[in-house]
Amino acid sequence: MLQWLNKLSLGRGQEDWFVDALNKDFRQLEFLALDLELTSLDPQQGDILSIGYVPIIEGFICPGEGRHCLISEHSGVGDSAIIHGIRDCDTDGGHTMEDALAQLDQARQGKVLLLHHAGLDLAFLAKHQSEYGKLLAADTMQIEFQRRTRQGQPVANSLRLNQCRDRYNLPAYKAHNALTDALATAELFLAQMSYMSGQDEINLAEILRLSR
Amino acid sequence: MSEESSIEVQEIEQFLLECVPFDHLEEPLLLRAANSVKIAYHRQGTTPDLFQEENPKLFIVRSGAFEIRDQNNELVDQVDVGGYFGFPSLLTGHKVTNHCVVLEDGLLYQIDEATFQSLRRDNRIFDRFFNQAHAKRLRQAVRFKERNSQLTETVADVISRSPITIAIDATVREAAQKMTEDRVSSLLVVGDTGLSGVLTDRDLRSRVVAAGLDYSAAVSEVMTTEPITVAHDAMLFEALMIMSTHNIHHLPVVDQGAEGKEQIKGILTATDVIKHQRSEPVYLIGEASRVKDRAGLVQIAKDIPTLLRNMIARDARAEEVGRVVTTVTDAITRQLIHQAIEEYGEPPVPFAWLAFGSQGRQEQSAKSDQDNGLLLSNKVKPEHDAYFKSLASYVCDGLNECGYVYCPGDIMATTDRWRQPLNKWQECFFRWIDQPSPKALMHSSIFFDMRMIYGDEPLFENLQDSVLKRCQGNSIFLASLTHNALQLTPPLSFFKKFVLTRDGEHKNTFDMKLRGVMPVTDIARIYALATGCKEVNTLKRLQQISQGKMLALKDARDLCDAYEFISHLRLEHQGRKMAAGEKPDNYLSPEDVSSLSRHQLKDAFDVVSRSQAGLKLKFTRGMM
């Protein structure tokens, strides 16, 4: 546990909060489900087009407190528009990266970040703010990988967000934007937690262990 | 917030827009609702602690299925996608005593009390919707416990007053005085052993006044002796059927007590019935018993699909639908026999018209073939055959014209094999019973669901008694029947790995008759034959068998519920087909079933499957 803590870059006074959180059940904690829309899957070449996030507070998703920030600073959406449907003109009135990151920093205070395939999105964020490179986050894709491996189920081609959701009887969402996917990730996380914990507690240390 | 606010909760907003009454909210109110939503996930089989007294909420099912039960664990409501619960305590402020069971994994949206009340205040349609939903829930709670459709009304529901009786040794004058006093048109005459007869206005007129009889004569001299009676729990239309068959207007109502001791409950008159209801089935049955020619019957038969559709639309129990539709068929059959007798003269020897299969079991629905036979007295002579052949042809042709098509397997009274004297029928049954081969039994099992539609009661009882006696304790016969019954299993993996009919026109569907209804029918038949039960209706068989030791009461009840559920689903499906102008069939595809029904269907299949296992254990032990 301590070796992970070493990897953490926490603000002053946050270490105590985190150590305390590691032993708490997920229903006593706050998470921030996060998703990005990107112009490419390569952090070296691509840019962030939008950031969406939804908090989970003590076991309940609060979509009303979610945000969707379009970013105006990027080198063109290119072919990626086919995937996310965001056109260059859509981001014209968007936020600066600095502004968007400041808002995200604000939103994630006291919350554990939650992503589906955390590595990719965190690498993009780390380009702008290096602490994201070291941040520990809960990862629904890794959790699903661990669960399926443990159950002896095949994992190849079965870990995309919608494939995972389908296994928990979660509804299919038509729209694809960072906010919808953040909501979708949050719902998947609660479903996984529900299946893993039953009546028992499941603490943050366990969640982060599975997210590695 | 900026222009982005409309995107913020897009998924939530879109879903709420699909739910009445949220679709009636103005944009700012809809956004207020969507922004207040909190989402939780619940896993199947759990009973989440959702209702907090201090903090009532509106719950909306986003996915999955949920069940609400009260403090006695009675079912209050079942909801799936788009359904609501929790609103009654928001409306009334009363303490919540219900709890929730998760039937299928799903997401629940919840809206807090302050938002809910503000939406009610700001939108009248929203307010009215939940008030109405609350009122409906109250009605539904009653319905879950005790259904009260027109069709379920029994004789006991109609007779209101206690029976007006007179002693058998009273005089005619005393009887007339009592009738005047009590303002009734008939009296039940009671002797030492119970009901002895009925005395009506008409009897006094024709047998006393017109005949010039002394008014001090005993009631027993002028009453109708050994009157035909009706059970107090018989359905109203069945009583009407008896009245019209025997052309009588007064029916004593009796309660066949558990020890076989008859208790007089009252008297039912034709006027009572007519006053009480003028619903279609009763009318149709009455008409069928009245018309004098085949063309008239064909005309009546044309109304059967409408009757069926109406009953399905009224959400009648499948059991009632089966009984009503079969009663119409019975009435048509009887009337055809009457007409044949008028045409060809009185029968030379006693006979009984038998119905087999679904008509025998009183379980007909849409599109039934005819399965029938003629049982003749042993006194029949070869020269009588021409008469019975003509009678059989008249009836079978008539049925065919009425839409009950000729039996593809020729199980009809027109077939020589199925128009036989008692001893030949017995030979035939005894051969099936004594030398059972599963293959032969496959085709003959419907004969064991026989019921007399018309004719000589003792003749029929003779056959039925001898067959039932022969079956009991015949373990090889019962094992063979069981072997056949186990060939048709319910598709247990309905949920994900639906085992479906894979070929032909009905690809990826499940045959509700073959794999849902028939297995239960088979189970009930085997138990009935093993225990000498005279009933042929599946539910009645199960009810009667549960009185004995062979089948536990709880198992029998579960099986009855499962049977009713599957049959009802099948009827609904046929109703949908008919409403769409298509041919009604038995093939259900998974997407036709709501997630709620899917869950109940799975339960029903489990019950059937367990009963099949029990059957195997009881009747095939050491043989298979």
Side-chain angles (χ1 to χ4, degrees), chain A residues 26-27 33 50-71 85-86 90-95 99-100 103 165-184 186-199, chain B residues 1-18 30-50 52 55 57 59-66 80-82 102-112 115 495-496 595 598-599:
Chain A
F26 75 97
R27 279 158 289 213
S50 69
I51 301 177
Y53 46 85
V54 181
I56 306 174
I57 296 169
E58 295 178 347
F60 290 96
I61 302 164
C62 305
E65 292 173 40
R67 289 288 176 277
H68 189 224
C69 289
L70 289 168
I71 314 289
I86 299 174
D90 293 327
T91 61
D92 285 350
H95 300 261
D99 184 21
Q103 283 193 33
R165 284 173 61 85
D166 201 37
R167 283 193 284 273
Y168 296 91
N169 200 28
L170 290 167
Y173 289 149
K174 280 176 214 121
H176 278 288
N177 64 51
L179 183 62
T180 301
D181 283 350
L183 175 66
E187 290 171 350
L188 173 60
F189 177 70
L190 289 188
Q192 288 172 330
M193 290 302 108
S194 176
Y195 265 80
M196 285 161 58
S197 64
Q199 298 301 315
Chain B
M1 244 174 297
S2 63
E3 76 285 349
E4 292 157 20
S5 59
S6 62
I7 320 181
E8 303 278 51
V9 279
Q10 205 179 18
E11 287 298 337
I12 317 290
E13 227 183 295
Q14 266 169 12
F15 176 71
L16 289 181
L17 270 176
E18 289 167 24
L30 182 66
L31 209 67
R32 187 197 295 167
N35 272 319
S36 77
V37 164
K38 291 197 163 50
I39 309 170
Y41 183 89
H42 297 285
R43 190 178 156 189
Q44 184 179 335
T46 57
T47 51
D49 185 20
L50 298 176
Q52 297 153 331
N55 210 351
K57 293 180 187 77
F59 294 94
I60 311 166
V61 180
R62 176 62 182 89
S63 66
F66 298 78
D80 59 1
V81 181
V102 185
L103 296 178
E104 194 178 290
D105 289 352
L107 291 170
L108 264 190
Y109 286 4
Q110 60 181 52
I111 289 181
D112 60 283
T115 307
F495 266 123
K496 305 277 181 212
S595 62
R598 242 182 11 242
H599 181 86

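Naming: A, B, ... by sequence-line order, numbering from 1 per chain. Not measured: the values here are computed from a predicted model.
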Determine whether I39(B) and L190(A) make a side-chain contact, defined as any pair of heavy atoms from C-beta on separated by less than 4.5 Å. no

What distance separates R43(B) CZ from M193(A) CE, expressed to the nearest 0.5 Å? 12.5 Å

First locate atom CD of Q10(B), then atom CG of L179(A), and finally report the distance between them rounded to the nearest 0.5 Å. 8.0 Å

Backbone N/O of D105(B) and side chain of N169(A): donor-acceptor pair under 3.5 Å: yes

First locate atom CZ of R165(A), then atom OG of S63(B), and finally report the distance between them rounded to the nearest 0.5 Å. 8.5 Å

Which pair of non-hydrogen atoms, one from H42(B) and one from S194(A), has the smallest distance, and what is that distance? C-OG, 4.5 Å

Return the orientation label for the Y41(B) and Y168(A) ring planes: parallel under 30°, perpendicular over 60°, tilted otherwise. perpendicular

